[in-house]
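Heads up: the structure comes next, in structure tokens.
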Number of protein chains: 2
Amino acid sequence: MDKQPDSDAGGGSVTIGARPTRQRKAVVAALGDSDVFRSAQDIHAALRERGDDVGLTTVYRTLQALADGGDIDVLRTPDGESVYRQCSNGHHHHLVCRGCGLTVEIEGPAVETWATKTAHAHGFAEVEHTLEIFGTCHTCAQRH
Amino acid sequence: MDKQPDSDAGGGSVTIGARPTRQRKAVVAALGDSDVFRSAQDIHAALRERGDDVGLTTVYRTLQALADGGDIDVLRTPDGESVYRQCSNGHHHHLVCRGCGLTVEIEGPAVETWATKTAHAHGFAEVEHTLEIFGTCHTCAQRH
DNA sequence: CCGCAGTTGACAATGGTTTTCATATGAGTT
DNA sequence: AACTCATATGAAAACCATTGTCAACTGCGG
């Protein structure tokens, strides 16, 4: 039910889909260019500016597919916007700047343990959790 | 321009606003009736069914006001919908059952400290964080 | 009883995201 | 190269929760 292991996607480390088209490669490239969480609209605008014309619909579809495949991370800003980012593998959380989207991947083993223990203590099973930290980074704080 | 501190709102434990109107009381009552997170539209529909006619706009406004005042908790479902719930005072997180919505309020002072410290260590200011734990409660686990 | 700030609500407008559907494209086949 | 057809694309329309608008209403203070 999940994809078969493909160790030779053709150069990229990310499985794009059945057909690695120009558009999909462009979206993946755009994600690779920045280490910031960006919205679909952001990416669409960036691509257009760069001359890579990709339809907004396609950007949305591609991002969704990548997220479903676990190749990129999604999270929702406090405004309810979905933002995407290419992340390292494995479980981690994010420290995100509200101003520019600058993101630091963080780990908190103690939190994981605590969350799981607490849930079990209340009789909950199949425990998952979400944890994101938002703030204003040093740079953004200065040019308020 | 904003509300003055009033320690005696007039009987309710929740400060509704400058004027405790029929509509606001109705919304507060609806929240008091259930201990699960519900959307504004849900509440609006429930009120209408009960005969308490309150405009959708007013429901939204009231919920937002209550949330701003810290009298109720808001969180966003994975679909991006805002849901509200009457909670105890103070900062806390939620342990929510995926099956029935059963919610347990939890506290994790250590997590708060850790989150703030970590953010500051990376030069972030005005730190906020979101943390929710999802799982399957004992009851739901049995009748899978 | 008057007046005005606070409230209300029908309706329009927003805006991110998804759907629709006609057209295009690419990988395999003949 | 020509053919096929599932897959992919994208412009435009649909969605839909939420917010803005603004005229009408309400209730307490004076």
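Proteins come first, then strands; the chains are lettered A, B, ... in the order of their sequence lines, and each starts at number 1. Bear in mind the structure is a predicted one, so any value in this text is a computation, not a measurement.
Under 3.5 Å, the side chains of B/His92 and B/His94 contain a donor-acceptor pair of N or O atoms.
The side chain of B/Thr21 contributes no N or O atom lying less than 4.0 Å from OP1 or OP2 of C/dT7. Residue B/Ser82 has no polar side-chain atom (N or O) positioned under 4.0 Å from OP1 or OP2 of D/dA17. For the pair B/Thr57 and C/dT8, the criterion of a side-chain N or O lying under 4.0 Å from OP1 or OP2 is not met. Under 4.0 angstrom from either OP1 or OP2 of D/dA8 there lies at least one side-chain N or O belonging to A/Arg24. For D/dT18, the OP1/OP2 oxygens have a side-chain nitrogen or oxygen of B/Tyr60 closer than 4.0 Å. Considering only side-chain N and O atoms, B/Gln64 lies under 4.0 angstrom from the phosphate OP1 or OP2 of D/dT19.
Across the protein-nucleic acid pair, B/Leu56 atom CG and C/dT8 atom C1' stand 13 Å apart, rounded to whole Å. In this entry the distance linking CG of A/Asp53 with P of C/dA24 reads 17 Å, nearest Å. For the pair B/Lys25 NZ and D/dG27 C1', the computed distance is 12 Å after rounding to whole Å. In this structure, the NE2 atom of B/His44 is 13 Å from the P atom of D/dT18, given to the nearest Å. Atoms CG (A/Asp42) and C1' (C/dT17) sit 15 Å apart, rounded to a whole Å. Between B/Gln41 atom CD and D/dA17 atom P there is a gap of 5 Å when expressed in whole angstrom units.
Distances were taken from every side-chain heavy atom of A/Glu81 (C-beta onward) to each of D/dT18, C/dT17, C/dT8; the shortest belongs to C/dT17.
Between the side chain of A/Arg22 and the base of D/dA8, no donor-acceptor pair of N or O atoms lies under 3.5 Å. Taking 3.5 Å as the limit, the base of D/dA17 and the side chain of B/Ser39 contain no donor-acceptor pair of atoms between them.
At the heavy-atom level, B/Asp79 lies nowhere under 4.0 Å from the strands shown.
Note on A/Glu132 versus A/Arg76: no salt bridge recorded, every NZ/NE/NH1/NH2 to OD/OE distance being 4.0 Å or above.
Annotation for A/His138: atom NE2 does not count as buried by contact number, only 12 or fewer foreign heavy atoms lying within 6.0 Å.
The structure places CD of A/Glu107 at 8.5 Å from CD of A/Glu105, a figure rounded to the nearest 0.5 Å.
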* Verdict with reasoning, B/Lys117 to B/Glu112, per side chain to side chain contact (heavy atoms under 4.5 Å, CB included) -> CA-CA 8 Å; B/Lys117 255 192 215 161; B/Glu112 320 293 334; over 6 Å; no
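Comparing B/Arg76 and B/Arg61, the nucleotide of DNA chain D nearest to each residue sits closer to the 5' end for B/Arg76.
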